[in-house]
Amino acid sequence: MSTLVQEKVNQAIAILEEVDIDVWLTFVRETSAGGDPVLPLIYGHDLTWQSALFLSRSGERVAIVGHFETDPAMRTGAYPTVLAYHDSIRPELLRTLERLNPRHIALNYSVNDVQADGLSYGLYQVLTEYLRGTPFAANIVSAEPIINALRGRKTPGEIERIKSAIQTTLDIYQRTFDYIRVGKTEREIARFMQAQVDELGLETAWERDGCPIVNAGPESPVGHVEPTDLKVTPGQLVHFDFGVRQNGYCSDIQRMMYVLRPDESEAPESVRRAFDTEVRAIREVVAAIKPGVIGRDLDSIARKVVVDAGYPEYKHATGHQVGRMAHDGGALIGPAWERYGTSPSLPLEIGQVFTVEPSIFVPGYGMIGVEEDVLVTEEGAEYLHEPQTELVLT
């Protein structure tokens with residue numbers, strides 16, 4: 001099993017000490033039907049029967065699994081103690097808790113972060129029934145701060161995997177720019193990009209039907225949508241939103257192209273001004289990123305650049321974390337809107353990877369959306385790739 005799981009388990013134990021929680025319990029079943037988002041980080045396999053993964057701040061790592069799954073659990077190298085059961089997990093579960101005797105037990109539920117909300121309500125009911133009548137029933141807390149930190153603080157190995165996914169994405173973009181001609185449809189362009197993903201034996205970073213997003217001109221529907229049969233025509237913007245999942249980690253990058261009319265050698269002034277505003281908003285956010293800064297404050301920087309330039313306020317967050325998922329949860333560079341919960345109020349931390357992606361719509365031409373992936377470092381932020389500073393012209 002990849003040492004990445006071992007690295008993340010060790011990292012989790014250090015986080016437990018930091019947040020003053022004695023035991024973190026991940027409780028799952030039939031994960032191929034709907035697994036806990038944290039499982040790839042701390043285990044690396046699916047689990048079938050009810051299974052319990054215990055991590056304690058004292059350093060203990062215990063996996064309780066069905067007897068048919070003990071060998072994969074041991075081969076992770078992350079759980080020195082692997083306990084098997086046959087008809088019920090309850091006895092081993094309670095014995096382990098009695099031995100660990102935690103003040104608090106963190107479970108994977110969250111009202112703010114979908115990546116920390118992996119424990120289903122039904123399985124929560126099963127677990128609390130097991131705990132009924134024990135002193136542990138009143139000691140349950142949310143594992144949200146543990147999972148936020150674990151997903152966000154990328155190890156060097158995770159960062160390298162993200163960089164590899166980014167490079168693959170940029171290579172596909174370059175071949176796509178060379179492929180595009182007037183008359184190509186959004187759907188044809190998307191299929192060309194997906195064919196390259198298939199040839200490499202990879203996956204798209206999110207649902208394939210909408211990855212890539214391709215917007216050809218002002219009539220193309222904006223958002224998380226599927227490509228249409230709209231054609232590339234002169235005098236319009238072409239917008240892309242695309243990423244791949246490679247070695248378990250994602251990229252998420254947006255790029256912009258302008259299709260020249262026969263009498264044009266550059267994009268119209270209104271397009272260039274909007275694109276330059278977009279690039280400036282991204283630059284100002286990246287320049288302001290540093291450990292400890294609050295996401296909503298960074299969001300305000302980009303939003304102000306866009307609005308002060310005379311454009312409407314965009315109706316989405318300025319940036320999100322990237323990792324195992326294209327939208328990796330935790331701290332958000334976003335506004336303090338109710339739908340985002342507390343995520344925009346969390347401070348940024350070293351090792352987090354964020355997108356920065358304001359947007360502007362140019363009437364008559366289409367959507368402008370540039371998206372860059374950056375790493376939070378001790379000194380501030382660094383781009384994980386070359387940012388787009390000029391429109392691609394064709």
Side-chain angles (χ1 to χ4, degrees), residues 1-15 24 26 28 31-47 53 55 72 76-78 108-110 112-120 143-169 197 200-208 210-211 224 241-253 317 319-333 343 346 348-355 357 371 373-376 384-385:
M1 174 55 58
S2 167
T3 58
L4 198 58
V5 168
Q6 298 166 22
E7 289 177 8
K8 297 306 283 187
V9 165
N10 291 334
Q11 188 181 38
I13 289 170
I15 292 168
W24 174 25
T26 295
V28 297
T31 59
S32 63
D36 191 313
V38 82
L39 206 61
L41 290 174
I42 64 169
Y43 191 70
H45 297 291
D46 278 324
L47 285 158
L53 305 177
L55 300 177
T76 66
N108 300 354
Y109 64 84
S110 170
N112 297 296
D113 184 1
V114 65
Q115 301 294 353
D117 197 33
L119 180 62
S120 71
E144 180 182 318
I146 303 168
I147 296 172
N148 282 354
L150 187 68
R151 294 192 77 95
R153 299 174 189 174
K154 305 297 189 294
T155 67
E158 289 180 292
I159 292 169
E160 286 307 310
R161 293 186 184 204
I162 294 171
K163 285 182 176 179
S164 294
I166 288 171
Q167 186 57 56
T168 298
T169 301
V197 175
L200 294 168
L202 303 179
E203 301 175 4
T204 55
W206 56 91
E207 185 181 16
R208 183 182 176 94
C211 186
H224 297 155
D241 191 349
F242 175 61
V244 301
R245 179 175 287 109
Q246 183 170 332
N247 292 324
Y249 284 78
C250 295
S251 58
D252 186 3
I253 298 172
H320 57 81
Q321 291 193 59
V322 180
R324 280 280 182 175
M325 305 292 290
H327 288 199
D328 215 37
L332 182 77
I333 302 177
S343 296
L346 298 176
L348 273 62
E349 298 186 26
I350 295 170
Q352 293 174 332
V353 175
F354 279 92
T355 67
E357 48 173 314
E371 181 178 23
D373 296 346
V374 301
L375 172 67
V376 183
L384 292 177
H385 54 88

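Worth saying up front: this structure is predicted, and the values here are computed from it rather than measured.
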For side-chain contact (heavy atoms from CB on, under 4.5 Å), just list the numbers for Glu349 and Val376, CA-CA rounded to whole Å, side-chain angles, deciding distance to a tenth of an Å, and then say yes or no. CA-CA 7 Å; Glu349 298 186 26; Val376 183; over 6 Å; no
Main chain of [Y], side chain of [X]: is a donor-acceptor contact present, judged purely on distance under 3.5 Å?
{"X": "His385", "Y": "Asp373", "answer": "yes"}
{"X": "Gln11", "Y": "Arg153", "answer": "yes"}
{"X": "Asn10", "Y": "Gln6", "answer": "yes"}
{"X": "Thr168", "Y": "Ser164", "answer": "yes"}
{"X": "Thr31", "Y": "Leu47", "answer": "yes"}
{"X": "Thr355", "Y": "Glu357", "answer": "no"}
{"X": "Asp252", "Y": "Gly243", "answer": "no"}

Gap between atom [atom2] of [Y] and atom [atom1] of [X] - 0.5 Å precision:
{"X": "Leu53", "Y": "Leu39", "atom1": "CG", "atom2": "CG", "answer": "6.5 Å"}
{"X": "Met325", "Y": "Gln115", "atom1": "CE", "atom2": "CD", "answer": "5.5 Å"}
{"X": "Asn112", "Y": "Glu144", "atom1": "CG", "atom2": "CD", "answer": "4.5 Å"}
{"X": "Thr169", "Y": "Gln246", "atom1": "OG1", "atom2": "CD", "answer": "8.0 Å"}
{"X": "Trp24", "Y": "Ile13", "atom1": "CH2", "atom2": "CD1", "answer": "10.0 Å"}
{"X": "Lys163", "Y": "Leu375", "atom1": "NZ", "atom2": "CG", "answer": "7.5 Å"}

Between His327 and His320, how do the two ring planes meet: parallel, tilted or perpendicular, split at 30° and 60°? tilted
Closest contact, heavy atoms only, [X] versus [Y]:
{"X": "Val9", "Y": "Ala78", "value": "CG2-CB, 3.9 Å"}
{"X": "Ala12", "Y": "Leu55", "value": "CB-CD1, 3.8 Å"}
{"X": "Pro37", "Y": "Gly118", "value": "CD-CA, 3.7 Å"}
{"X": "Ser251", "Y": "Ala165", "value": "OG-O, 3.5 Å"}
{"X": "Leu348", "Y": "Gln352", "value": "CA-OE1, 3.3 Å"}
{"X": "Cys211", "Y": "Trp206", "value": "CB-NE1, 3.3 Å"}

Do the side-chain N and O atoms of Asn108 and Thr26 include a donor-acceptor pair separated by under 3.5 angstrom? yes
Any luck finding a side-chain donor-acceptor pair between Thr155 and Glu7 under 3.5 Å? yes
Any residue meeting ring pair (Phe, Tyr, Trp, His ring centres under 6.0 Å) with Phe242, in chain and number order, not counting sequence neighbours: Tyr173
Among Arg161, Lys154, Glu158, find the residue that satisfies the side-chain hydrogen bond (donor to acceptor under 3.5 Å, both in side chains) test when tested with Tyr249. Glu158
Please examine the side chains of Asp113 and Asp117, heavy atoms only from C-beta on, and report whether any two atoms are closer than 4.5 Å. no
Evaluate the side-chain proximity of Leu202 to Val197: yes if any heavy-atom separation is below 4.5 Å, no if none is. yes
